[in-house]
*Asks:* 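Quick one: structure below, then a few questions.
To find a chain, count down the sequence lines: A is the first, B the second, and so on, and within it residues start at 1.
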Protein chains: 2
Amino acid sequence: MARELQHGATIWDVARKAGVSITTVSHSLNGKGNISEATRERVRAVASEMGYVADAMARGLRSSKMNAIGLVFRSLDSLGNYGPNGVDVFMKLAGAAAAETLNRNLGLMLVPDLSRGPLPPFSMSLDGYIVFAPHLDDPVVALLEKRGIPYVTWDRDPGRPDFRNWVAHDDAASTRVVLNHLAAAGAGSIAYVGGTDRNAWNFDCEAAYVAWCLETGKEPRIYHVPERDGVEGGRQVGARILGDGMPGAVFCLTGRHASGAAQAMQECGVRIPGDLLVCTGSDSEHSRQHKPPISALDVDIPAAAAALVERLCEVMEGKSGSDPVLLVARFLHRKSTSPGKTRNQQKRGF
Amino acid sequence: MARELQHGATIWDVARKAGVSITTVSHSLNGKGNISEATRERVRAVASEMGYVADAMARGLRSSKMNAIGLVFRSLDSLGNYGPNGVDVFMKLAGAAAAETLNRNLGLMLVPDLSRGPLPPFSMSLDGYIVFAPHLDDPVVALLEKRGIPYVTWDRDPGRPDFRNWVAHDDAASTRVVLNHLAAAGAGSIAYVGGTDRNAWNFDCEAAYVAWCLETGKEPRIYHVPERDGVEGGRQVGARILGDGMPGAVFCLTGRHASGAAQAMQECGVRIPGDLLVCTGSDSEHSRQHKPPISALDVDIPAAAAALVERLCEVMEGKSGSDPVLLVARFLHRKSTSPGKTRNQQKRGF
DNA sequence: ATGAAAGCGCTAACAT
DNA sequence: ATGTTAGCGCTTTCAT
């Protein structure tokens, strides 16, 4: 149906009905200017009675503010399988960010990968962007940078150490928490399984692992599995690890890899946690539902979303120079790293 | 930083640089009017060289088209825990819809519940809406209706039988598929566990269950658990069902309920599928990861998103009178309803 | 084949 | 305390 017909009342309609000028309407509704309280009230009443809502585009055109921010949806491909890791984290973040932006009366626009294809009409008019896990030399970041659009990132930009508008977990600290926990639980040697995406998470966790090995005098055992290979990739690496000689523990960054690796090894008769401890750097349904449940680092998604949106708002307001925001990952201690637990605890999924 | 500085080139800048009028630029870029191919090419070249992108708001103001649609985020509360069911379906749909809208060069805006709080600035300017599972007398639908904004719904609007712009699974048919499967697998009596939200899914599945019982001469056994009670609610209903006398099968609409019910009953010594068949109407990580995996109806989310977006585009273009789109849910036959399967199949998670 | 000019609905100087 | 007016950047008649 033609929107023209139904298109809501304009500021003119309100002005006419209230018997004032459009300026008065604008000022009344926006709490600006010098308007008598009586008039202000009357205008407000008329406006709300008419269901008047200022046209976002007209307003935006004038103030060059869209009142909406974008959330970049990198690599749609990887979402193709809608696995718990791809979608889970990203989409939960989208939900939490939407809640967060609503509080500030901003819209949240999902923008699937800006770096390929024609730009969606709105993409360059948005007030700011949240970029999820930029990788090395990310073209999306380059585009935003070139156009001077404010943005913050989840995880630091691995190629740009001076860019400081990011929010992330303290990956180095989290990694040490895990490794120390594993060592304390009796793991003599710990194998590490990272992903292949060139993002800060992979880089920093691996670096922390290597540093920790150096400090504790252990021999690093590093494996890489492409994120997209998911559980199956995990199974394969599990087999490889077994082939290379069973370690005391395995730390898989990705939840799906952890689940796959544990699965494959259990099928070979390895008992978890009896023979081997397993832990993941990213909690997901896979780690929660695995038998036994797999210990994991957990992203506090609402906190992350809140921090990202808040920081972005600061940047949009021109504030700069703040430090990056480091969140603490929660460590969820579960059965997979608890040798010697009773049957009862096991049953409760702990 | 002040956007003014960085604000991209305007149509004027392009016109000046190309030595033509803004009309020529507009026409060249939009393939309208009578412009010589030479000029058109030159303008295009200049524009792309300058990285010119038409301002979405200015364009929208003129054409009163936003080129973006909204996806209503009903009841954020229920997403509060970001459990696999809330997020799973809704967020996957958001992702798929974003991909789908991108193909049409439309933006997708996440709009958290229009019915409470102040309207987000954009919400009333969007070209159309996808409303996810409207419930009876849904205020969001009422608002959209009042303002004449085109919308489609996922699942029919239970209170408005004449509204036909919806996409959903054929719940009646799907329910029968499940019940027949359960009966064929040897279930003499089948208990049904539905949710309490007043949406079409709950209504239609239950109606189909009752009808099927009537036809087959079975006594209906109906239980209700609030969606938000999740796995714990499932555990409780599992206990209740056991208390009322164990049936041959349980059909839980919600995946989390199914998982909880199965869990509680298994802890009481019930063997699945040996003593009892369990099936859910909504596949999720919970049903997939349960031991044994729980048979489920599965939403083809990309198909649903595609259908929703396509239908919405039709509605926005003024086409009307099309029939609702009925999708077929896939039935995923798993171990929980396969009595007498071999050990091997069991191992493969089938 | 090209350009001038009128708005779209709003905000913010600038009158009054 | 209220009103007039000039644009924001664009599309679209209507001239030329």
*Asks:* Consider only side-chain N and O atoms of A/Ser26 and A/Thr23, and report whether a donor and an acceptor are under 3.5 Å apart.
*Replies:* no

*Asks:* Rounding to a whole Å, what distance do you find between A/Asp13:CG and C/dC10:C1'?
*Replies:*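 Computing the A/Asp13:CG to C/dC10:C1' distance gives 13 Å.
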
*Asks:* Which sits closer to the 5' end of DNA chain D, B/His27 or B/Met57, going by the nucleotide each is nearest to?
*Replies:* B/Met57

*Asks:* Which listed nucleotide (C/dT2, C/dT11, D/dG3) is nearest to the side chain of A/Ile22?
*Replies:*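 For the A/Ile22 side chain, the nearest candidate turns out to be C/dT11.
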
*Asks:* Mind checking the CG-CG spacing from A/Asn165 to A/Asp157? Nearest 0.5 Å is all I need.
*Replies:* 11.5 Å

*Asks:* Would A/Arg160 and A/Glu145 pass as an ion pair if we require N to O under 4.0 Å?
*Replies:*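 Yes, charged N to carboxylate O under 4.0 Å.
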
*Asks:* Nearest whole angstrom, please: distance from the C1' of D/dT11 to the CG of B/Asn34.
*Replies:* 16 Å

*Asks:* How many whole angstroms separate atom CD1 of B/Ile11 from atom P of D/dT12?
*Replies:* 11 Å

*Asks:* In this structure, how many angstroms lie between the C1' atom of D/dT2 and the CD atom of A/Glu41, rounded?
*Replies:* 17 Å

*Asks:* Between atom CG in A/Leu61 and atom P in D/dG7, what is the gap in whole Å?
*Replies:* 14 Å

*Asks:* Nearest to the side chain of B/Arg62, heavy atoms from C-beta on, is which of D/dA1, C/dC8, C/dA5?
*Replies:*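 Among the listed nucleotides, the one closest to the side chain of B/Arg62 is C/dC8.
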
*Asks:* Sub-3.5 Å donor-acceptor pair from the side chain of B/Asp55 to the main-chain atoms of B/Met57, do we have one?
*Replies:* yes

*Asks:* Hey, does the side chain of B/Lys32 come within less than 4.0 Å of D/dT12's phosphate (OP1/OP2), counting only N and O?
*Replies:* yes

*Asks:* Select from A/Arg40 and B/Val53 the residue whose nearest nucleotide in DNA chain D is closer to the 5' end of that strand.
*Replies:*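 It is A/Arg40 whose nearest nucleotide is closer to the 5' end.
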
*Asks:* Phosphate oxygens OP1/OP2 of D/dC10: is one of them under 4.0 Å from a side-chain N or O of B/Ser63?
*Replies:* no

*Asks:* Without decimals, in angstroms, what is the distance between A/Trp12 CH2 and C/dG7 P?
*Replies:*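 For the pair A/Trp12 CH2 and C/dG7 P, the rounded distance is 13 Å.
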
*Asks:* Between D/dA1 atom C1' and A/Arg42 atom CZ, what is the distance in whole Å?
*Replies:*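 To the nearest whole Å, that distance equals 12 Å.
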
*Asks:* Would you please test B/His169 and B/Trp154 for ring-ring contact (aromatic ring centres under 6.0 Å, His included) and show each step?
*Replies:* CA-CA 9 Å; B/His169 284 318; B/Trp154 166 254; 5.4 Å; yes

*Asks:* Does D/dT11 have OP1 or OP2 under 4.0 Å away from a side-chain N or O of B/Asn30?
*Replies:* yes

*Asks:* Indicate whether OP1 or OP2 belonging to C/dT2 is found under 4.0 Å from a side-chain N or O atom of B/Thr24.
*Replies:* no

*Asks:* Checking the side chain of A/Arg156 only, and the main-chain atoms of A/Val167 only, is there a donor and an acceptor separated by less than 3.5 Å?
*Replies:* no

*Asks:* How long is the line joining NZ of A/Lys65 and P of D/dG9, in whole Å?
*Replies:* 17 Å

*Asks:* Between D/dT4 and A/Ser21, is there an OP1 or OP2 to side-chain N/O distance shorter than 4.0 Å?
*Replies:*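 The answer is no; no side-chain N or O of A/Ser21 sits under 4.0 Å from OP1 or OP2.
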
*Asks:* Counting only side-chain N and O atoms of B/Thr23, is one of them less than 4.0 Å from OP1 or OP2 of D/dT12?
*Replies:*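 Looking at the OP1 and OP2 atoms of D/dT12, neither is under 4.0 Å from any side-chain N or O of B/Thr23.
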
*Asks:* Does C/dT11 have OP1 or OP2 sitting under 4.0 Å from an N or O in the side chain of A/Ser26?
*Replies:* yes

*Asks:* Determine the contact category for B/Thr10: base if any of its heavy atoms lies under 4.0 Å from a base atom, sugar-phosphate if only primed atoms, P, OP1 or OP2 are that close, otherwise nothing.
*Replies:* sugar-phosphate

*Asks:* Taking the minimum atom-to-atom distance to the side chain of A/Tyr52, which one of C/dC10, C/dG3, D/dG9 wins?
*Replies:* C/dC10

*Asks:* Which nucleotide in the list C/dT2, C/dT11, D/dC10 gets nearest to the side chain of A/Arg59?
*Replies:* C/dT11

